[in-house]
Every structure is written in C-alpha cells, then in structure tokens.
Amino acid sequence: MLKIGIILGTRPEIIKFYSIIHELVSRKVNFFIIHTNQHYYANMDRMFFQELSLPNPKYNLGINSDYYHGKMVGKMLIKIEQILIKEKPTWVIVQGDTNSALAGALATSKLKIKLGHVEAGLRSYDMEMPEEINRILIDRISNALFCPTENQRKILINEGMEENKIFITGNTIVDVLYQNIQKALHDKNKLYDQPYMLLTLHRPSNVDNQKIFRQLVKSLENVADRFNQYIIFPTHPRSAKQMKKFKISVDTNKIKIISPLGYLSMINLEKRASLIITDSGGLQEEACILGVPCLTIRNNTERPETLEIGSNLLVGNKPKTILSGATRMLNNQTNWQHPYGDGNVGKRIVDYLVPDIPNSRLRY
Ligand code: UD1
Ligand code: UDP
C-alpha cells in the first residue's frame, strides 16, 4: 500500500508543508511525519502545528540544532534511517534546503526509497551558504523535483537532471498564505497604529559576525530615522543569541525587538508593513505575493524572479546601499504579479505522489 513519509525540522518547513499535509489528510493517504526538532522552541515549532491545525508528528527525534553541522546531520541520519527501515514508505518528501531536509534526503536515497524534493532547483550560486550545499545535494539524489517556477526547471535541466523528473508546481507558500491571510488580517494590533517597516535577520553571514551585525543595526536605525517609521524586528533565536553574545543593543525608539511570531500575526504584520527588510528566503516570497516591497540584506538570492518583477532589491549589508535601496523601494510601484502559483500547489504535488488520482494539476 502506498505510504508517504514527510521529513521536516524547522519553522519554514512546517509552514511550507501545510498544504501537502492537509491534502494527504483529506485524501486519507497513509502518511507519517518525522520531525527532527532542529527547531525546538515552542515559538519556532509547536506554535505552527497548533495554529495551522497540523497533525502531530509520529516521530519527534529531539535532535536540536548544533554548532557543528556534520554532527547535527549525522545524528539525524542515524535516527531517520532506522525509522524508514521500519516504515518502508513508497515516497519520502523533503522541502527546501535545511540540514533536516539534507539528512532526510540522504537517509531516503541510501535506502533506495523514492525521494521527492519540494522547492527544487533554487540556486544562489554562493557556496558559503550551508543551504546552497544542501539544496544541490538534495536535488541531485531526488526522484521527483517540484520546482516553483520555470526558472528552477531550466537550472536543473542545465545541471543535467532528467526532464521527466521535473515538475513546475508553484511554491507551497502560496497555499498557506492564501488560506490564512483573511483570518490573519482580522486581528487589529496596536503595533499598526503608525507606519512601520518589518525586519527579519538570521543568516550567519549577517548575524554571526559582530562587526557586520553591529553595523547593520546602525544602518537600520538610520533608515528608521530618515523615514520617520519604526522597524519591528521579530528576532530569530540565532540573532537573539548573537545580540546577547556581542552585547549589541538597539535604539528602542527606532527598532522594536519582539519574540518570533506565529504565522497569522506574522503575515498580518507583513501585509501592513511599508517595507519588508530581510535575509529570509520565505519573506522574499511572501513580500512578493502580498504586494509589499522587499529589501534583501544579501548580495545574492536564490529567488531571482522577485528581482526580475521588481518586488525585491538586493542591497548587501553596507549602510549606503541599504539607505538608497530603502528610498527606492518605498517609492516603488507595487502592482507586480507574483510568479509562485495559484494556491493549488500542494494538491498538484499530491496528485503526482498518489497515482490513482489523475495528474490533472501537475502543470498550471
Ligand atoms: C535554519 C536553516 C536555514 C533556515 C532557518 C529558518 C540550516 C543549515 N539552516 O537556520 O536554512 O533559513 O533554519 O529559520 O538548516 N535555535 C534556538 N531555538 C530554536 C531554533 C534555533 O535556540 O528553536 C538556535 C540554535 O540553538 C542555534 C541557532 O538558533 O544556536 C541556529 O539554529 P540552526 O537550526 O542551526 O540554524 P538557523 O539559523 O535556525
Ligand atoms: N515567520 C513567522 N514568524 C516569525 C518570522 C517568520 O511565522 O517571527 C514565517 C514567515 O512568515 C515565513 C517563514 O517563517 O513563512 C520564514 O522562515 P525563516 O525566515 O525562518 O526561514 P527561511 O525562509 O529563510 O528559510
């Protein structure tokens, strides 16, 4: 009997698996979830299962993130392999480019179980990013590659991947966003009384280097000052830990530090922001889908379609480019059309995995 294994471990994977998991439940497909617990604070993990009504994982591995990625992936690999040997799934699905996704993909492939990769074909061409290594390896060993747009399909073809493994599906972020945005916007929070910008930062290249992180905070305070808007900063645990370690403080009249938010509060805050400033992959996509201009504090992006349509601008981490980028994006037109699909992305992927249902949604 067909059985599907879902492997996840971090906040964005839980969010981006939302529609696939709900589709499996509603079609009564036999499936199980393995959660590595790479992310483990309630507000990075449990909160999303509860808020998005996701079933509890059958397996919680309790492997928290580790400074050494080899150790983290190794511990995950050992436990996932044992579970897959017992469960014997037909397909295992991983999402994105985290260490949890890599461990899941490796364990699956070594056992010769079919592997599906959701959000395949993204490339930043920056091998300094742990995610770039992970996604290249995952794509290479996958049996089905679910690409958000034509861009990623072309990349995979150029890398020599067989065409019949590649499907353009859209990005599942559209499903979870479309299905929750109306509910999210009901909430009126006093944070919205005045215009504000929204900030998230968690890339090691921005927050693991004291000098860069400190300079970024100063640049962003300057942006808040220039535009007379405060910046709301739901702080990722990595960044919170680094701020403490480096003793970085912010001017609280300019930057409001808050704990990581639930999904509904987050997309509400995103939609009402004048500008999203981020180094997150998911936020670059959400800003584009929600019609909010985005400034990406990086030198490259694996989401170049957002640059092409003008929803996003790469500004690196220098004060001058951040300020000029903010000026440009705050005056930008926001009438672009996002390229990430139609809200049926999860359905389309499940159509492929569950063969007795016609593959009617495989392309859109
Ligand atoms: C990971 C992913 C990254 C993704 C991000 C999403 C890898 C290599 N990186 O980065 O691709 O964009 O998740 O948010 O897989 N921490 C806590 N509590 C938590 C979660 C993390 O304290 O619930 C701390 C960890 O102990 C560690 C730091 O945050 O000190 C970083 O966690 P880690 O999972 O290694 O990487 P992320 O930066 O979260
Ligand atoms: N997110 C959230 N609460 C927060 C910050 C982010 O719900 O406080 C959501 C955000 O809306 C997006 C996802 O988390 O869907 C992005 O995750 P993150 O930035 O951690 O990882 P990345 O996308 O960079 O891998």
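Remember, it's 1-based here, ligands and their atoms both numbered in the order they're listed. Worth saying up front: this structure is predicted, and the values here are computed from it rather than measured.
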For atom 33 (P) of ligand 1, what is the nearest protein heavy atom, given as residue, atom name and distance?
-> Ser65 OG, 3.3 Å
Of all the atoms in ligand 1, which lie at a distance below 4.0 Å from a heavy atom belonging to His202?
-> 4 (C), 5 (C), 6 (C), 12 (O)
Going by the order shown, which atoms of ligand 1 are within less than 4.0 Å of some heavy atom of Arg203?
-> 11 (O), 12 (O)
Donor-acceptor side-chain pairing of Thr296 and Asn312 below 3.5 angstrom = yes
Does the N or O separation between Arg238 and ligand 1 drop below 3.5 Å for any pair?
-> yes
Check ligand 1 against His69 and write out every atom of the ligand that is under 4.0 Å from a heavy-atom position of the residue.
-> 8 (C)
Are Arg272 and Asn268 close enough that a side-chain donor and a side-chain acceptor fall under 3.5 Å?
-> yes
Salt bridge or not for Arg203 and Asp126, using N-O below 4.0 Å?
-> no
Examine the proximity of ligand 1 to Glu131 and report which part, side chain or backbone, both or neither, has a heavy atom under 4.0 Å away.
-> side chain
Just jot down the side chain to side chain donor-acceptor pair (under 3.5 Å) partners of Lys28, sequence neighbours excluded, or say none.
-> none
Should the pair Glu87-Lys58 be classified as a salt bridge under the 4.0 Å nitrogen-to-oxygen rule?
-> yes
Sorted by chain and residue number, the residues with a non-hydrogen atom under 4.0 Å of ligand 2 are Arg11, Pro12, Ile15, Phe48, Ile173, His202, Arg203, Pro234, Pro260, Leu261, Gly262, Tyr263, Met266, Glu270, Ser280, Gly281, Gly282, Leu283, Glu286
Give the residue, atom name and distance (to 0.1 Å) of the protein heavy atom nearest atom 34 (O) of ligand 1.
-> Gln38 NE2, 3.0 Å
Partner residues of Thr301 under the side chain to side chain donor-acceptor pair (under 3.5 Å) criterion, sequence neighbours left out | Gln284
Any Lys/Arg nitrogen of Asp175 or Lys347 sitting under 4.0 Å from an Asp/Glu carboxylate oxygen of the other?
-> no
Lys16/Glu13 ion pair, N-O < 4.0 Å | no
Between Asp66 and Lys71, is there a side-chain N and carboxylate O pair less than 4.0 Å apart?
-> yes
Only pairs at least two apart or in different chains count here, so list each ring-ring contact (aromatic ring centres under 6.0 Å, His included) that has a residue in residues 65-122.
-> Trp91-Tyr352
Atom 20 (C) of ligand 1: nearest protein contact (heavy atom, Å) = His39 CD2, 3.3 Å
How far is atom 17 (C) of ligand 1 from its nearest protein heavy atom, and which residue and atom is that?
-> Tyr40 OH, 3.2 Å
Flag the pair Arg123 and Glu131 as a salt bridge only when some basic side-chain nitrogen lies within less than 4.0 angstrom of an acidic carboxylate oxygen.
-> no
Report yes or no: do Asn99 and Asn134 form a side-chain donor-acceptor pair below 3.5 Å?
-> yes
Is the shortest distance from a Lys or Arg side-chain nitrogen in Arg46 or Glu51 to a carboxylate oxygen in the other one below 4.0 Å?
-> no
Give the atoms of ligand 1, by number and element, whose distance to some non-hydrogen atom of His236 is under 4.0 Å.
-> 14 (O), 37 (P), 38 (O), 39 (O)
Can you tell me the protein heavy atom closest to atom 16 (N) of ligand 1 and the distance?
-> Pro237 CB, 3.6 Å
Hey, is Arg140 close enough to Glu159 for a salt bridge, meaning N to O under 4.0 Å?
-> no
Interfacing atoms of ligand 1 (cut-off 4.0 Å, heavy-atom, Met72) | 35 (O)
Met44 heavy atoms within 4.0 Å reach ligand 1 at atoms 23 (O)
Below 4.0 angstrom from a heavy atom of Lys241, which ligand 1 atoms are there? Numbered from 1 as shown, please.
-> 17 (C), 22 (O), 24 (C), 25 (C), 26 (O), 30 (O)
Check Pro12 against ligand 1 and report side chain, backbone, both or neither, counting heavy atoms closer than 4.0 Å.
-> side chain
Numbering as shown, the atoms of ligand 1 that approach Thr98 to under 4.0 Å (heavy-atom distance) | 15 (O)
